[in-house]
Number of protein chains: 2
Amino acid sequence: MTEELTRGVPRPTGAGELFQLLRDGRPRTRADLAAVTGQARSTVAARVDLLLSSGLVAPAGEAASTGGRPPVTFAFNPRARAVLAVDLGATHARLAVTDLAGQVLVEHHQPLAIAEGPDVVLDRVARVGTELVREAGREPTDLVSVGVGLPGPVDHGTGRPTNPPIMPGWDDADVPGHLGRLLGVPVLVDNDVNVMALGEHASTYPEVDHLLFIKVATGIGAGIISDGQIRRGAQGAAGDLGHIAVPGGRDLPCRCGNTGCLEAVASGSAIATALRSEGLEVASSSEVVALVRAGNLAASRAVREAGRDIGGVLAACVSLLNPSLIVVGGVVAEAGEHLLAGIREVVYRRSLPLATQHLRIVTTRTKGRAGVLGASAMAAEHVLSSAAIDASLG
Amino acid sequence: MTEELTRGVPRPTGAGELFQLLRDGRPRTRADLAAVTGQARSTVAARVDLLLSSGLVAPAGEAASTGGRPPVTFAFNPRARAVLAVDLGATHARLAVTDLAGQVLVEHHQPLAIAEGPDVVLDRVARVGTELVREAGREPTDLVSVGVGLPGPVDHGTGRPTNPPIMPGWDDADVPGHLGRLLGVPVLVDNDVNVMALGEHASTYPEVDHLLFIKVATGIGAGIISDGQIRRGAQGAAGDLGHIAVPGGRDLPCRCGNTGCLEAVASGSAIATALRSEGLEVASSSEVVALVRAGNLAASRAVREAGRDIGGVLAACVSLLNPSLIVVGGVVAEAGEHLLAGIREVVYRRSLPLATQHLRIVTTRTKGRAGVLGASAMAAEHVLSSAAIDASLG
DNA sequence: CAACTTTTGATTGACCGTCGGCAGAACTCC
DNA sequence: GGAGTTCTGCCGACGGTCAATCAAAAGTTG
């Protein structure tokens, strides 16, 4: 008995809303758009002209004739502008200039200690970013926004980090203000794992509305997409999986002061520590991955065991959030199928059938690019939203 | 650098959107509304006239004069229509007729076995509901919608139960169709715990955007409100806390086939079972509560211990969702502070400070009414949304 | 190649909603 | 009680959207 609520309401579809229809990149004719929006051809034509003049929409050739003059089609033109995507980790930075659809134009990777503080780091980011825009063959004016992922909790509304544990000097730093002054465009900031979740969603699974992204690296964290949107919780701290107690897990001490946290048991550093106690020389997460790839059995077994521990916590997440997709990323996910096997084993055993029957668990296919892709998507969204388009077209 | 996106955009505030401003019940003058919406006085006046004619808004006396003619104020008139709220449990039904703000006009409580199947139960609901409308002194035409809470997973989009474990014969039953034909109004259906979460939110904590409602009764379940909305997940199965493994919990077998599930360890029936093994005669959750209230120490201890187990799982929920409020309901919550004490103890110990610093954990104050209040809110929302108002006045 | 079909762009008048001004009503202040 | 202030209902002006029309363009079909 759910009634059709939109019936009879002459929805005021401005140019911005018309643009949303075209954002999927599929070419459409004026007649298509008029049919979908219910507006008069003349109105649609005016809107299309406006969008054409902005460059955000471009002609996309002719469609097949149905007996008369073939109609011209139009499509979103992602290359009209560019955005800067910034993915900052504890010890390195990855920057990219992308088009408005997340296509990477140029990319840059460099060591950069976040501990040097916001002034040093953000100045560097702005300088390298400006250079990258030039390298991409774009004018400085092509840049319309910046997206930044930071390795710690961020209040997305203000763009300020809140009590970040591994970013000394960054607490409450005005990242959007600082970068915005240097680059002259709006700056969006979020926690790196949220940004990666967004990147996975935008680049690979746009049709999945309930997605959980898990980053397994030195630490462990998650980004939650529910009903198509990032969920950040009351303080922007949602998705902090690392300090959930592993059911049936070993009672190892964690840096948070508790024991048995997922991070203490199954993170990259925890795996490395465990392997060292077996006499192997492993210092970091990436060395664990290297060992696994080299065929070391102890390392494979440890990664798989970590997968089971992570699976224990993810099973709780599945029961709680009922996602249809879990994407596993972070360096440790590069260790092949071992991690995933452990995760799947426990999640499918410990969750109810209703929640798992349509659940897929996969590793990321973005090859370390989830962060920049998400930062790009976040920045692009800010500029391409219906309201933003309407505002920019006057 | 987050720009003001709405600037310059002449937002098309129809009568429906204007109404949303008045929904808080506070009286406002035409001038107030014009100032807030940015529309001309004449436009606002026309909208107000429309809303007045529908009865949904009514004059609310004059405001104090500021030196000239005193302005007339208007306010939402919740008593203009009525909704039927239905809260169905495994063995009893609670129905209420409420106004559009969730004020209960008449209430009815009766034993009703859900196992009798949808035809019998829904026919009964429609008959009692019609009678209640009369008892409330309302015309049948005053009834505008129905909200129903069911004790099992529901696809909220279609209103059909999906593989409910304790509702034989209800799988994929067309609840909205059946009730809608009998009562002639739209019917909204959801899982009972979601509905209770909504009830708690609407009736007591409307300003809290991130709320977790836990029902502790024969089973254990949760309703998640995130960014102000119920989150149901991909199959509508979100919030299914009952079968999450308790960290460090006993390995008791659960009806789901696994062991160590929260429900097997800490539900009302689990507590009763544990107490029976100590030689006490307890058959149900409510008898556990009665024992606690009578001052039985073993029962108090068992409830507190159950609280700790629940706290273990809730700590994971807090890390994952970062709510600002957890409301504990269900019969077991009526056992006083013992349950809450156990929950608080573990949640505050096992969660990170950022997530807990503004977290409140409370017991419901709705006295078993959370279900009908939520059903009422769900039904009212369907009729009072901006689009619905526009459609009904258009 | 001619006849027909369909799209495009431009123009037009009708319609509707919003805006701002104006006159009258209702109240306060002196 | 009069002057000033503020609210309310009414009216014409303005601007955007719509449907209709037309001529030109660019195809298809026989």
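- In this structure, Asp32(A) does not pair ionically with Arg28(A), as no charged nitrogen and carboxylate oxygen lie closer than 4.0 Å.
- With contacts defined as side-chain heavy-atom distances shorter than 4.5 Å, the pair Leu18(A)/Thr37(A) qualifies.
- Within the 4.0 Å cut-off from OP1 or OP2 of dC7(D), not a single side-chain nitrogen or oxygen of Arg30(B) is found.
- Atom CG of Asp32(A) and atom C1' of dT7(C) are 12 Å apart (whole Å).
- Between Phe74(A) atom CZ and dT7(C) atom P the separation is 13 Å, expressed in whole Å.
- Between the CG atom of Leu18(B) and the C1' atom of dT18(C) there is a distance of 14 Å, given to the nearest Å.
- Look at CZ on Arg47(B): it is 17 Å from P on dT8(D), rounded to the nearest Å.
- Taking only side-chain atoms of Thr43(A), from C-beta outward, the nucleotide of dT17(D), dT8(C), dT8(D) with the closest atom is dT17(D).
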Return a table of donor-acceptor pairs under 3.5 angstrom between the side chains of residues 67-74 of chain B and protein atoms on other chains or two or more places apart.
{"unit_1": "Thr73(B)", "atom_1": "OG1", "unit_2": "Ala60(B)", "atom_2": "O", "d": "2.9"}
{"unit_1": "Thr73(B)", "atom_1": "OG1", "unit_2": "Gly61(B)", "atom_2": "O", "d": "2.9"}

Distance-only criterion, 3.5 Å: show the donor-acceptor pairs between side-chain atoms of residues 48-59 of chain B and protein atoms not counting sequence neighbours.
{"unit_1": "Ser53(B)", "atom_1": "OG", "unit_2": "Leu50(B)", "atom_2": "O", "d": "2.7"}
{"unit_1": "Ser54(B)", "atom_1": "OG", "unit_2": "Leu51(B)", "atom_2": "O", "d": "2.7"}
{"unit_1": "Ser54(B)", "atom_1": "OG", "unit_2": "Leu56(B)", "atom_2": "N", "d": "3.2"}

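- In this structure, Leu325(B) CG and His201(B) NE2 are separated by 9.5 Å, a value rounded to the nearest 0.5 Å.
- By the 4.5 Å heavy-atom criterion applied to side chains, Asp227(A) and Asp209(A) are not counted as neighbours.
- If you measure from atom CG of Asp49(A) to atom P of dT17(D), you get 13 Å, rounded to the nearest angstrom.
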Determine, for nucleotides 21-30 of chain C in 5'-to-3' order, which nucleotides have protein heavy atoms under 4.0 Å from the base (write B), from only the sugar-phosphate (write S), or from neither (write -). ---BBBBS--
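- For Arg41(A) and dT7(C), the shortest distance from a side-chain N or O to OP1 or OP2 is not below 4.0 Å.
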